[in-house]
Structure formats: C-alpha cells, structure tokens
Amino acid sequence: MAQAAKLAAYSPLPRVFYDRDVVVVARELLDQSLVRVAAEGLVAGRIVEVEAYLAQNDPANHAHRGQTQRNASMFGPPGHAYVYAIHSRWCLNAVTEPAGVPSAVLIRAVEPLAGLELMQQRRSARTERRENAVGGSVRDLARGPARLCEAFAIDRSLDGWDLTRGEQLWIAAADTGIDAAEIEVSKRVGVTSACDKLLRFFVAGSVFVSRPGRR
DNA sequence: CTACCGATTGACT
DNA sequence: GTCAATCGGTAGA
C-alpha cells in the first residue's frame, strides 16, 4: 500500500470523540488504530486493551491529589496525550472529558498492524546487549503500556500532543464498532489503590492483550 | 537537599 | 506464582 493511501486510511478521531465520559471513550477506543509517524517511518496497531482513570473518587488517578507539573496534560482539553514515566518506562494516555476534568484512558496494548520491523528494531534496542535476546515475538512488540511506547517511540516529548491533528501521533477511526459481547471487563492492572474498580476493557480472546482478566 | 513510591517489565521458583 | 531493577515525580526537612 502506498504511503499516501495508507495515511488516508488513518483519519484521526475528532475532538468530540474524546469529549465524553471516560468509560464510554475507553470502550470505544478498542478496535481503533494507534498511528505513529517518525523520521524512521510509520507504525500502527489495533488497540486491544485500555483502562479508564476517573476524575472523581479514583485514588489510582495521578490527578487524584490535584494538578502538578507531571499530570498537567490531564487538566487540559480532551484529545491530547498524557505521557508519564513509571519505573524508567513511558506510558500513553488519551485525555478525555472537558478541560479541567482530569480523566484519561491508558492505552495498554495494541495488535501490531504496520511497521512491524521498525517496532522490532526499537524494542530490541533496549535489550541488544543481551547476547541471547530472543529478538521478540510479534506478540510481545506492544503487549503492555511501556512496551507499546517503546515500539511506537513515545516519550515525554509527546506529552500534551494533540491526537486529533493526524500528525506524528494520533488515533484513527478504524472500526465499524465491535460488539459489546467481544469486550471483556476486569480490574485494572498494577494499581495499588481503588483496586476493586472494574475499569479495564480488552478484546476478548486477543493474544495481544497483556494478561488475562481478574475480578 | 533526602526519602519514598510506583497505572512496569523481565527474570526466576 | 514471586521478586527486584531503576529513576522521575513528589513531599517533606
């Protein structure tokens, strides 16, 4: 597929998509395409796993104790990226709901669709010192929020980036809407507060999901 | 300035 | 299943 045709097929979701309840946006982000264009080329993947972080009554949300330099993007308008660091790795969120309402959707895993070689290169860069590195299976290229950011070359320089521009980093409308029956719900992964909330959504049966659901 | 913590991952039992 | 590496963000002295 020619590059121009490829890009035309990746038209960005509009701001109104993000300007809704964070749980609604989270569920509807499943099956859409995450697209990244950098100097080295284009990579894209189908979103198969997300988590919602609520503006109200959610201690697991980084914005729970108010605005700081780190989480400022969450307080901005919807449709922008919130990129944060954890354990020396990056994670990508899409900011939702009106400006001033700090909610976001964490993109936890994608199924690689395009630019697999480039993803492989970026992912192996971290582990290239290991002689017997497995090289990484396609399944593991973007299975997990920090792996995904590595494969997509996403770091703090993209914090606050406008995902509706259709440049560098965006989410493209790709689906005809997946059946609610195909969406599985579970507790969020790794959170140590508000662990009981069922705010993780993933495509049932996908091998590209980071781990099975637990209630 | 120091001290603590974690929306993770990869290695290991 | 368990465990520790590792470092930016945050709070507090």
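Note that the coordinates shown come from a computational prediction; the quantities given were computed from them, not determined experimentally. Quick note on labels: first sequence line is chain A, next is B, and so on, each numbered from 1.
Between the CG atom of Asn61(A) and the P atom of dG6(B) there is a distance of 15 Å, given to the nearest Å. For His87(A) and dC3(C), the NE2 to P distance is 15 Å, given to the nearest whole Å. Rounded to whole Å, the distance from NZ on Lys197(A) to P on dA7(B) is 15 Å. Put simply, OH on Tyr84(A) is 7 Å from P on dA7(B), counting in whole angstrom units. Rounded to whole Å, the distance from CG on Asn93(A) to C1' on dT8(B) is 14 Å. Summarising the geometry, the separation between CG on Leu141(A) and P on dT9(B) is reported as 13 Å, rounded to the nearest angstrom.
Across every non-hydrogen atom of Leu30(A) and Phe201(A), the tightest pair is CD2-O, 3.8 Å. Pro112(A) approaches Leu141(A) most closely through the heavy-atom pair CG-CB, 4.0 Å. Nearest heavy-atom pair across Leu29(A) and Ala94(A) is CD1-CB, 4.4 Å.
Qualifying ring-ring contact (aromatic ring centres under 6.0 Å, His included) partners for Phe75(A), counting only residues two or more places apart in sequence or in other chains: none.
Note on residues 185-197 of chain A: pairs passing salt bridge (Lys or Arg N to Asp or Glu O under 4.0 Å), not counting sequence neighbours, are Asp58(A)-Arg188(A).
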Run the side-chain donor-acceptor check on residues 37-48 of chain A: report pairs under 3.5 Å with partners two or more places apart or on a different chain.
from, atom 1, to, atom 2, distance (Å)
Glu40(A), OE1, Arg122(A), NE, 3.3
Glu40(A), OE1, Arg122(A), NH2, 2.8
Arg46(A), NE, Asp31(A), OD1, 2.5
Arg46(A), NH1, Glu111(A), OE1, 3.2
Arg46(A), NH2, Asp31(A), OD1, 3.2

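Looking only at distances, no side-chain donor or acceptor of Glu184(A) sits under 3.5 Å from a matching main-chain atom of Gly213(A).
For Arg123(A), a side-chain nitrogen or oxygen approaches OP1 or OP2 of dG10(B) to under 4.0 Å. Dashed line: the shortest gap from a side-chain N or O of Arg89(A) to OP1 or OP2 of dA5(C) is not under 4.0 Å.
Under the 4.0 Å criterion applied to side-chain N and carboxylate O atoms, Arg70(A) and Asp159(A) are not assigned as salt-bridge partners.
If you check every strand for non-hydrogen atoms under 4.0 Å, Ala146(A) touches sugar and phosphate atoms only.
The shortest distance between side-chain heavy atoms of Gln32(A) and Ile107(A) does not fall below 4.5 Å.
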Give every pair of a protein N or O atom and an N or O atom of nucleotides 8-11 of chain C that lie under 3.5 Å apart, one pair per line with the distance.
from, atom 1, to, atom 2, distance (Å)
dT10(C), OP1, Thr68(A), OG1, 2.3
dT10(C), OP2, Arg70(A), N, 3.4

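DNA chain C is contacted by no residue of residues 198-212 of chain A, taking any non-hydrogen atom closer than 4.0 Å.
Here the options are Glu49(A), Arg200(A), Arg211(A), the test is side-chain hydrogen bond (donor to acceptor under 3.5 Å, both in side chains), and the partner is Ser186(A); only Arg200(A) passes.
Under the 4.5 Å side-chain heavy-atom criterion for grouping Ile, Leu, Val, Met, Phe, Trp and Tyr, Met74(A) is not connected to Val22(A) through any hydrophobic cluster.
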DNA chain B base-pair string [pairs: Watson-Crick or G-U under 3.5 Å; |: paired with another strand]: ||||||.|||||.
